[in-house]
**Q** 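Let me begin by handing over the structure; questions about it come next.
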Amino acid sequence: MQSQNFMIVDDPLSLDRIRGVLNRLEDTIIFSLIERAQFAQNPRIYQRGAFPELAAVGFQGSWLEWFLKETETFHAKARRYTSPDEYPFTANLPDPILPPLKFPNILYPNSVNANPSILSFYIEKIVPRITRGATEALATWKRTHGLPRDAEAEDDRHGNYGSAATIDVEALQHISKRVHYGKFVSESKFQEDPAAFIPHIQSRNRVALEALITKPEVEKKLLQRLKRKAVTYAQDIVDGDFKREIAFRKIDVDGVVDLYESFIIPLTKEVEVDYLLHRLSGLSEEDIAKLKRKNVAI
Ligand SMILES: C=C(O[C@@H]1C=C(C(=O)O)C=C[C@H]1O)C(=O)O
């Protein structure tokens, strides 16, 4: 259950190593969105009170919130959330039945958790975009190939409440891990040049902190790479060659790029800034002065 990213490595705060993890998470996120796009939006699973069966067992949340609670309750008992790169969506989870693993103290103690924003954006923006794209692409492909619109088959994509919610939980966990990796990025940048950050942390200047952590060239390269990945992963390999039926893409490629550009990157930066704003809490003026001189890692 524990993330392999935290096995002892030579330099856990190497920005290149951290960016390598973010790169790999792009693949994981794209494939989970391709899986989700195989089903209809099924808005009912996100509406609280839409399933009387849940109320009958005393649960007041939505179908998806129930899946999150049940899944994360089990994972918490297996000590998933003792790992510094795992953040639950459900509050008041049980304690682990195993003793926590000993992780290196890489992050400064903090309670930054962006999952409520991740959940609402995923439900309101991501799922409608990627499922609508797949439905329209399928209908267009059938029309251009003179095939009858098989509403029955398309409706089969509806009503798969368990399958859709299972994939939603996985997609949300991957997006949450990616966004909260911003804490490691921030700690790495802070330790590289504490004096640059400290005055803006002390004056609570979010704008200045965001300008310090933002790397436009990294973002630009990421979005270009992401588009190439989404185009490639969205095609079928037929008889040893990529099927280039553009209309039959398994995922809305522009939707994936837009998801990163409009949400995942901005929220990662928000986590980076929120983490930095907590970075000096509890430190004495003397400790902060030592940090500025960069002769200690506190
Ligand atoms: C994650 C980093 O920090 C910022 C956020 C990025 C992102 O979310 O992809 C990319 C570059 C930076 O603007 C980084 O520097 O790698």
Side-chain angles (χ1 to χ4, degrees), residues 3 5-6 9-33 83-87 106-108 110 112-122 125-126 129-130 171-198 200-201 205-233 251 253-279 294:
S3 161
N5 304 329
F6 280 93
V9 292
D10 292 343
D11 178 2
L13 282 177
S14 142
L15 205 43
D16 284 344
R17 189 194 72 79
I18 294 169
R19 286 173 174 160
V21 173
L22 296 181
N23 186 327
R24 187 177 53 74
L25 283 169
E26 290 165 12
D27 306 333
T28 313
I29 290 169
I30 291 172
F31 282 116
S32 59
L33 296 179
S83 172
D85 66 339
E86 296 283 353
Y87 297 85
I106 299 172
L107 296 179
Y108 195 76
N110 70 92
V112 175
N113 183 323
N115 282 344
S117 300
I118 291 172
L119 183 58
S120 55
F121 193 99
Y122 180 79
K125 302 287 186 191
I126 300 170
R129 174 84 185 254
I130 61 168
L172 286 164
Q173 288 171 335
H174 301 325
I175 293 170
S176 175
K177 175 174 281 192
R178 195 286 177 185
V179 165
H180 289 99
Y181 236 78
K183 298 185 182 183
F184 298 98
V185 173
S186 258
E187 183 61 31
S188 175
K189 292 174 179 175
F190 177 81
Q191 289 198 17
E192 185 58 37
D193 186 2
F197 290 94
I198 289 171
H200 303 309
I201 294 173
N205 187 334
R206 291 190 73 96
V207 172
L209 288 172
E210 176 152 354
L212 272 176
I213 57 104
T214 296
K215 307 296 175 201
E217 70 289 349
V218 173
E219 294 183 24
K220 182 166 178 265
K221 265 178 63 181
L222 181 152
L223 292 170
Q224 289 166 346
R225 178 177 68 237
L226 197 74
K227 179 143 194 170
R228 286 199 303 277
K229 284 182 176 181
V231 166
T232 305
Y233 301 161
I251 186 110
V253 170
D254 293 334
V256 173
V257 176
D258 186 34
L259 151 68
Y260 262 79
E261 193 165 16
S262 309
F263 175 65
I264 288 185
I265 292 175
L267 196 51
T268 301
K269 293 200 278 189
E270 199 175 300
V271 164
E272 289 186 52
V273 171
D274 287 343
Y275 174 84
L276 286 168
L277 288 172
H278 286 77
R279 185 57 182 79
K294 218 182 145 189

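Atoms within a ligand are numbered from 1 in the order they appear, just like the ligands themselves. This chain uses plain numbering: 1 for the first residue, then up along the sequence. Predicted, not measured: the structure shown is a model, and the values here were computed from it.
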**Q** Mind checking whether Lys215 contacts ligand 1 via backbone (N, CA, C, O), side chain (CB onward), both or neither, at a 4.0 Å heavy-atom cut-off?
**A**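 Both parts.
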
**Q** Indicate whether the side chain of Glu187 and that of Tyr275 have a donor and an acceptor atom separated by less than 3.5 Å.
**A** yes

**Q** Heavy atom under 4.0 Å from ligand 1: found in Glu270's side chain, backbone, both, or neither?
**A** neither

**Q** Counting from 1, what ligand 1 atoms have a heavy atom of Val185 closer than 4.0 Å?
**A** 1 (C), 2 (C), 3 (O), 14 (C)

**Q** Considering only non-hydrogen protein atoms, determine which one is nearest to atom 10 (C) of ligand 1 and report residue, atom name and distance to 0.1 Å.
**A** Glu219 CG, 3.6 Å

**Q** Within the 4.0 Å heavy-atom shell around Leu222, which atoms of ligand 1 are there?
**A**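 Within the 4.0 Å cut-off of Leu222, ligand 1 contributes 9 (O).
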
**Q** At what distance, to the nearest 0.5 angstrom, does NZ of Lys183 lie from CD of Glu272?
**A**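 Here the interatomic distance stands at 12.0 Å.
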
**Q** Which atoms of ligand 1 are found less than 4.0 Å from any heavy atom of Ile213?
**A**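 It comes down to these atoms of ligand 1: 3 (O), 4 (C), 12 (C), 13 (O).
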
**Q** Please list the nearest protein heavy atom to atom 9 (O) of ligand 1 with its residue and the distance rounded to 0.1 Å.
**A** Arg178 NH2, 2.7 Å

**Q** Looking at Arg19, which atoms of ligand 1 are within less than 4.0 Å of one of its heavy atoms?
**A**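 Checking each atom against Arg19, I get 14 (C), 15 (O), 16 (O).
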
**Q** May I ask you to test the Tyr87-Val112 pair for a side-chain heavy-atom distance under 4.5 Å?
**A** no

**Q** Looking only at distances, please establish whether an N/O atom of ligand 1 is found under 3.5 Å from an N/O atom of Thr214.
**A** no

**Q** Identify the protein heavy atom lying closest to atom 5 (C) of ligand 1, giving its residue, its atom name and the separation to 0.1 Å.
**A**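 Minimum-distance protein heavy atom for atom 5 (C) of ligand 1 reads Glu272 OE2, 3.5 Å.
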
**Q** Would you call the rings of Phe197 and Phe190 parallel, tilted or perpendicular if under 30° counts as parallel and over 60° as perpendicular?
**A**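 Tilted: the ring planes of Phe197 and Phe190 meet at 30° to 60°.
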
**Q** What is the minimum heavy-atom distance between Gly182 and Thr268, and which atoms define it?
**A** CA-CG2, 3.9 Å

**Q** Relative to ligand 1, is Ile265 under 4.0 angstrom through side chain, backbone, both or neither, heavy atoms considered?
**A** both

**Q** Could you give the distance from CG (Leu107) to CG (Asp85), rounded to the nearest 0.5 Å?
**A**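 Leu107 atom CG to Asp85 atom CG measures 9.0 Å (nearest 0.5 Å).
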
**Q** Please name the pair of heavy atoms, one in Phe184 and one in Ile18, separated by the smallest distance, quoted to 0.1 Å.
**A**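 Answer, listing the atom of Phe184 first, then Ile18: O-CD1, 3.5 Å.
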
**Q** With heavy-atom distances below 4.0 Å as the criterion, list the atoms of ligand 1 near Thr268.
**A** 8 (O)

**Q** Can you tell me how far the CG atom of Asn115 sits from the NE2 atom of His180, to the nearest 0.5 Å?
**A** 4.5 Å

